[in-house]
Amino acid sequence: MLFQLLLAFFSMLEIMGREKDRLNPPLLRQIHRINGYVFIGLFFVLSYYCMIFIRATHGEISSRILLHSLFAIGVILMLTTKILFIRRYRKFMSKVPAFGLTIFFLAAGLVATSGGYYLVTSAEPLPQSQELAGNQPDASQQALVEKGQELFNKWCVACHDPNSKRAGGGPGLQGILKVDKFPVSHWAATVDNVRRQLRTPFRLMPPQVHLSDEELDHIIEFLKTI
Ligand code: HEC
């Protein structure tokens, strides 16, 4: 999408911003248009998956996801208006470049709050804790485990299958504290890293800010049993 943005930006500059020596304007216009439609197509496919993701968070979204969504809404409103101007309200034609530029900046914000964010956070060094969890709970912990299971069913099951390793919205979590490393992030499979994943997740998972420390403990007790 970043490439598409740059292509749209460059073709617009070439068509509208030069008086002579322009590169083939009809061809550029064609490229600009096709590029725009492919962008819209991709945009809707990605929005579909983002909406499934947001639904699974029960509306508890982080400020990054909120910002990302606002950029997306801005892009789609501006893009629709721009296309309407071009197709139907041609007197507004002179405003189109300003709209194009605004869309470019909004879409750059969109990319920065997703791809840019992952680029920065994936450069973090991996935590190297040696503590390996995976003990079976004794009878006195059973109540905690059940509580954890309830919380898991409410907050996690939409994206994680506890009974297999099959991926849904997120990886299946069966045996997640019995293996050496988490399957996606490759962090050591420790209780501390589960906590870290829930508070400041690796890449896509929304931070579980609505859960208290105590609730995290319950969920962890449950994770040890699966
Ligand atoms: C909206 C979907 C979603 C919800 C809800 C969610 N997760 Fe995740 N989770 C993910 C995704 C996606 C990943 C994989 C990380 C990635 O691809 O960026 C992940 C990764 C993880 C991991 C680490 C696995 C790895 O391989 O790195 C753990 C542990 C985990 N989640 C636990 C939980 C728990 C416990 C809850 C509930 C409190 C929860 N998740 C809620 C989507 C979700």
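One-based numbering, in listed order, for ligands and for the atoms of each. Numbering of residues begins at 1 and proceeds along the displayed sequence.
When only non-hydrogen protein atoms are considered, atom 37 (C) of ligand 1 lies nearest to Cys156 SG, 1.8 Å. The nearest heavy-atom contact from the protein to atom 42 (C) of ligand 1 is Met205 CG, 3.6 Å. The protein non-hydrogen atom at the shortest distance from atom 18 (O) of ligand 1 is Leu204 N, 2.7 Å. For atom 2 (C) of ligand 1, the nearest non-hydrogen atom of the protein is Cys159 SG, 1.9 Å. Given atom 17 (O) of ligand 1, the protein heavy atom at minimum distance is Arg203 NH2, 3.3 Å. Closest protein heavy atom to atom 28 (C) of ligand 1: Gln197 CG, 3.6 Å. In terms of protein heavy-atom proximity, atom 11 (C) of ligand 1 is nearest to Gly170 CA, 3.7 Å. For atom 39 (C) of ligand 1, the closest heavy atom belonging to the protein is His160 CD2, 3.4 Å.
Contacts of Pro206 with ligand 1, taken as heavy-atom pairs under 4.0 Å, involve the side chain alone. Residue contacts with ligand 1, taken as heavy atom pairs separated by less than 4.0 Å, do not involve Leu151 at all. With a 4.0 Å cut-off on non-hydrogen atoms, Ser185 touches ligand 1 through its backbone as well as its side chain.
Between Glu221 and Lys224, at least one side-chain nitrogen of the basic residue sits less than 4.0 Å from a carboxylate oxygen of the acidic one, meeting the salt-bridge criterion. Using a 4.0 Å cut-off between charged nitrogen and carboxylate oxygen, Arg199 and Asp213 count as a salt-bridge pair.
When all heavy atoms are compared, the tightest approach of Ile65 to Pro206 is CD1-CB, 4.3 Å. Counting all heavy atoms, side chain and backbone alike, Trp187 lies closest to Thr200 at CH2-O, 4.1 Å. Taking each heavy atom of Val184 and Pro171 in turn, the nearest pair found is CG2-CG, 3.7 Å. Closest of all the heavy-atom pairs between Asn193 and Ala188 is ND2-O, 2.8 Å.
Each of the atoms 1 (C), 2 (C) of ligand 1 lies under 4.0 Å from some heavy atom of Phe53. Of all the atoms in ligand 1, the ones that sit under 4.0 Å from a non-hydrogen atom of Leu211 are 38 (C). The Leu198 neighbourhood of ligand 1 comprises atoms 33 (C), 34 (C), 35 (C), 36 (C), 38 (C), with distances under 4.0 Å to a heavy atom of that residue. Of all the atoms in ligand 1, the ones that sit under 4.0 Å from a non-hydrogen atom of Trp155 are 5 (C), 37 (C), 41 (C). Interface atoms of ligand 1 facing Ile219, defined by a heavy-atom separation under 4.0 Å, are 35 (C), 38 (C).
Any N or O atom pair closer than 3.5 Å counts here, and Val194 shares no such pair with ligand 1. At least one N or O atom of Val184 sits closer than 3.5 Å to an N or O atom of ligand 1.
Phe39 pairs in a side-chain contact (heavy atoms from CB on, under 4.5 Å) with only one of the listed residues (Leu5, Leu7, Ile103, Ile34), which is Leu5.
Side chains of Ile176 and His160 form no contact here, defined as non-hydrogen atoms less than 4.5 Å apart.
In this comparison of Val157, Ile176, Ile220, the heavy atom closest to atom 29 (C) of ligand 1 sits on Ile176. Atom 32 (C) of ligand 1 has its nearest heavy-atom neighbour, among Asn153, Asn193, Leu173, Ile65, in Leu173.
Ring-plane geometry between Phe92 and Phe85 is classed as parallel, the angle between the planes falling under 30 degrees on a 0 to 90 degree scale with a further cut at 60. Aromatic ring orientation, Phe104 versus Phe9: parallel (interplanar angle below 30°, classes split at 30° and 60°).
Side chains of His32 and Gln30: a donor-acceptor N/O pair is absent below 3.5 angstrom, by distance only.
Atom CZ of Arg64 sits in a crowded spot, with more than 12 heavy atoms from other residues, nucleotides or ligands closer than 6.0 Å.
Heavy-atom separations between Ile54 and ligand 1 are all 4.0 Å or longer.
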